[in-house]
Amino acid sequence: MKANRLLLGAIFASAIGVAMVMLAKESSVAQQITRAVQLPIQGEFPSLGGATGWLNSKPLTPPELRGKVVLVDFWTYTCINWRRQLPYVRAWAEKYKDQGLVVIGVHTPEFEFEKNVDNVRWAIKDMKVDYAVAVDSDYTIWRAFRNHYWPALYFIDAKGHIRHQQFGEGEYEQSETVIQQLLAEAVGGRNRGFVSVDAGGAEAAADWGNLKSPETYLGYESTENFASPGGAVPDRGRVYAAPGHFRLNQWALSGNWTMQKDASVLNRVNGWIAYRFHARDVHLVMGPAVRGSSVRFRVLIDGQPPGAAHGVDVNDRGEGTVTEQRMYQLIRQPRPIADRQFEIEFLDSGVKAFVFTFG
């Protein structure tokens, strides 16, 4: 994700910050609130009028939300960084809803298929997003906030002032402390303690200490480290082959593919994608090129079925099926983590693969 990719360093820095927070568990909540009191006004609550639709709620406006503390969460449903943040936002929405917190998810798409409101409806149901969602397919709200990142949190006080921002995942205790302080300002009282999150699947925190592979796009506009001999041929079908040797974080196509601006599309059956990676998790954003169709696949790690290292979207034999346009978790391997060779073979044509992410 371009905006997300600009955040890569910040995300790693955020992870270090999370680790520091975990080491500082014994520091008192009172100390955190003392820091949170020093929250300058950073701007006014922009209009939400540019939403192309609303899900889980009637349309909301800043004037009618006066008196409430508002948390605005910019997201796009294929973003792994947002997926790992989601359990905390979901838990805050539930814990503080009766104390005056309103959570609004602003879904601003990265890929064209994420503009389809039916896909967004599917995502909020599948990912258990119960709070209000403004569909921002035209980027109007994104521009009104002058936002550049997925995910991004904006904390708005009861008077309609933006008081804090959090870009990227992490810093969860700090974010919850800000919520507590803004609620205390608005309605009085005092909250102690933090939500307890036991996230699994794609929502589990990344293994930052072993994450050495970057987000990698499979379209010619933004891809890096493409290793198929002869390089990419934009927007034209071609038979690609894998190199004899991969360096870490190189990837390649094998078979008849068309590399488009934002994705690679398989034209004939039995095409492969290979990637030399170093991470606990491997995810791939992909979908059928024709809506409503399906594409069978199997994954290998170092030439073998993944077994216990399979992700939630495949079985231990590495078998799975692409049915929706979304992120698929293909590998979650136990330690020790090392450089490994990932391969995915598509047994049907018509898959469109957008981006690898890792965790």
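These numbers come from the heavy atoms of this one structure, side chains and all, not from hydrogens, waters or symmetry mates. Bear in mind the structure is a predicted one, so any value in this text is a computation, not a measurement.
Within a 6.0 Å sphere centred on CZ of Arg291, heavy atoms belonging to other residues, nucleotides or ligands number more than 12. Under a cut-off of 6.0 angstrom, the local environment of CD in Glu94 is sparse, with at most 12 non-hydrogen atoms contributed by other residues, nucleotides or ligands. Counted within 6.0 Å of CG on Asp198, heavy atoms from surrounding residues, nucleotides or ligands total 12 or fewer; the atom is thus considered open.
Between Val69 and Asp157 there is no side-chain heavy-atom pair separated by less than 4.5 Å. At a threshold of 4.5 Å between non-hydrogen side-chain atoms, the residues Met127 and Leu86 count as touching. Side chains of Ile141 and Pro46 form no contact here, defined as non-hydrogen atoms less than 4.5 Å apart. Side-chain contact between Trp257 and Trp272: absent, with no pair of heavy atoms (C-beta onward) separated by less than 4.5 Å. Side-chain atoms of Pro306 and Val299, non-hydrogen and from C-beta on, do get closer than 4.5 Å to each other. Two residues are said to be in side-chain contact when any heavy atoms from C-beta on lie closer than 4.5 Å; Leu218 and Val355 fail this criterion. Within the 4.5 Å cutoff, no side-chain heavy atoms of Pro151 are placed close to those of Trp75. A heavy-atom distance below 4.5 Å is not found between the side chains of Leu183 and Glu185.
Panel note: side chain Ser293, backbone Val290; a donor-acceptor pair is recorded below 3.5 Å. Side-chain N or O atoms of Gln166 include one that pairs as donor or acceptor with a backbone N or O of Gly168 at under 3.5 Å. Of the possible donor and acceptor atoms, none in the side chain of Arg340 sits under 3.5 Å from a partner among the backbone N and O of Asp302. With Gln180 contributing its side chain and Gly193 its backbone, the two residues share a donor-acceptor pair below 3.5 Å. Side-chain N or O atoms of Arg332 include one that pairs as donor or acceptor with a backbone N or O of Gly201 at under 3.5 Å. Side-chain N or O atoms of Asn116 include none that pairs as donor or acceptor with a backbone N or O of Val120 at under 3.5 Å. Looking at Asp339, its side chain never comes within 3.5 Å of a backbone N or O of His278 through a donor-acceptor pair. Side chain of Asp207 to main chain of Arg280: no donor-acceptor pair is present (N/O by atom type, distance under 3.5 Å, no hydrogens or angles). Here the side chain of Asn56 pairs a donor or acceptor atom with the backbone of Tyr131 at under 3.5 angstrom. Using a distance-only test at 3.5 Å, with no hydrogens or angles considered, a donor-acceptor pair links the side chain of Ser228 to the main chain of Ala241.
Side chain to side chain, Thr78 and Glu114 meet the donor-acceptor criterion of an N or O pair below 3.5 Å. For the residue pair Ser349 / Asn267, no side-chain donor-acceptor distance below 3.5 Å is found, with atom types taken as modelled. Judged by distance alone, the side chains of Gln329 and Asp313 never bring a donor and an acceptor atom under 3.5 Å apart. Judged purely by distance below 3.5 Å, without hydrogens or angles, the side chains of His164 and Gln42 never pair a donor atom with an acceptor atom. Checking Thr76 against Glu110 by side-chain atom types alone, no donor-acceptor pair falls below 3.5 Å. Trp92 and Glu176 are linked by a side-chain donor-acceptor pair at a separation below 3.5 angstrom, with hydrogens and angles left out of the test. For the residue pair Gln333 and His310, no side-chain donor N or O sits within less than 3.5 Å of a side-chain acceptor on the partner. Side chain to side chain, Ser213 and Asn249 meet the donor-acceptor criterion of an N or O pair below 3.5 Å. Side-chain contact annotation: Asp235 with Gln260, donor-acceptor N/O pair under 3.5 Å absent. When only modelled atom types and interatomic distance are considered, Thr177 and Gln174 share no side-chain donor-acceptor pair under 3.5 Å. There is no side-chain donor-acceptor pair under 3.5 Å between Tyr172 and Gln85.
The six-membered or imidazole ring of Phe74 lies away from that of Tyr149, with a centre-to-centre distance of 6.0 Å or more. Separation of the Phe342 and Tyr275 ring centroids does not fall under the 6.0 Å cut-off. For Trp251 and Phe226, the ring centers are positioned less than 6.0 Å apart. Ring centroids of Trp150 and Trp142 are separated by less than 6.0 Å, placing the two rings close together. Centroid-to-centroid, the aromatic rings of Phe113 and Phe354 come within less than 6.0 Å.
No continuous path of ILVMFWY side-chain contacts below 4.5 Å connects Val265 to Ile344, so the two sit in separate hydrophobic clusters. Grouping the Ile, Leu, Val, Met, Phe, Trp and Tyr side chains by contacts below 4.5 angstrom, directly or via other members, places Trp54 with Ile156. Phe277 and Ile337 sit in two unconnected hydrophobic clusters of ILVMFWY residues. Membership requires side-chain heavy atoms under 4.5 Å apart, directly or through other members.
Distance CD1/Ile124 to CG/Asn119: 12.0 Å, rounded to 0.5 Å. With rounding to the nearest 0.5 Å, the separation of CG in Asp73 from CZ in Phe155 is 9.0 Å. To the nearest 0.5 Å, the span separating CE on Met259 from CG on Asp262 amounts to 11.5 Å. Atom CZ of Phe246 sits about 7.5 Å away from atom CD of Gln250, to the nearest 0.5 Å. Of the inter-residue distances, the one linking Leu153 atom CG with Tyr88 atom OH reads 13.0 Å to the nearest 0.5 angstrom. In this structure, CZ on Phe145 lies 12.5 Å from OG1 on Thr140, to the nearest 0.5 angstrom.
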### Query
Does the side-chain contact (heavy atoms from CB on, under 4.5 Å) test come out yes or no for Val70 and Ile104, once each step is laid out?
CA-CA 7 Å; Val70 181; Ile104 301 173; 4.0 Å; yes

### Chi angles and distances behind the side-chain contact (heavy atoms from CB on, under 4.5 Å) call for Leu65, Phe45
CA-CA 10 Å; Leu65 291 168; Phe45 192 171; 3.9 Å; yes

### Query
Could you go step by step and tell me if Val135 and Lys115 meet the side-chain contact (heavy atoms from CB on, under 4.5 Å) rule?
CA-CA 8 Å; Val135 180; Lys115 295 180 180 179; over 6 Å; no

### Task
Start with the C-alpha gap between Gln304 and Ile301, add the side-chain angles, then the distance that decides, and say whether side-chain contact (heavy atoms from CB on, under 4.5 Å) holds.
CA-CA 5 Å; Gln304 300 296 321; Ile301 187 165; 5.5 Å; no

### Task
Could you check Lys128 against Glu203 for salt bridge (charged side-chain N to carboxylate O under 4.0 Å, His left out), going step by step and ending with a plain yes or no?
CA-CA 12 Å; Lys128 298 179 174 61; Glu203 295 182 352; over 6 Å; no

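For the pair Arg326 and Tyr328, the cation sits on the ring face: its NZ or CZ lies under 6.0 Å from the ring centre, inside 45° of the axis. Judged by the 6.0 Å distance and 45° axis criteria, Arg238 is positioned over the aromatic ring of Tyr240.
One finds no salt bridge joining Glu319 and Arg298 here, because no Lys/Arg side-chain nitrogen approaches an Asp/Glu carboxylate oxygen to under 4.0 Å.
Residues Ala132 and Leu60 come closest through the heavy atom pair CB-CD1, 4.0 Å. Considering every non-hydrogen atom in both Ala279 and Gly359, the closest pair reads CB-O, 3.6 Å. Scanning all heavy atoms of the two residues, the minimum distance from Pro305 to Asp316 falls at CB-O, 3.9 Å. Contact between Thr323 and Pro288 at its shortest, heavy atoms only, is O-CG, 3.8 Å.
In this structure, His107 and Tyr77 have parallel ring planes: the angle between them is below the 30° cut-off, well short of the 60° mark.
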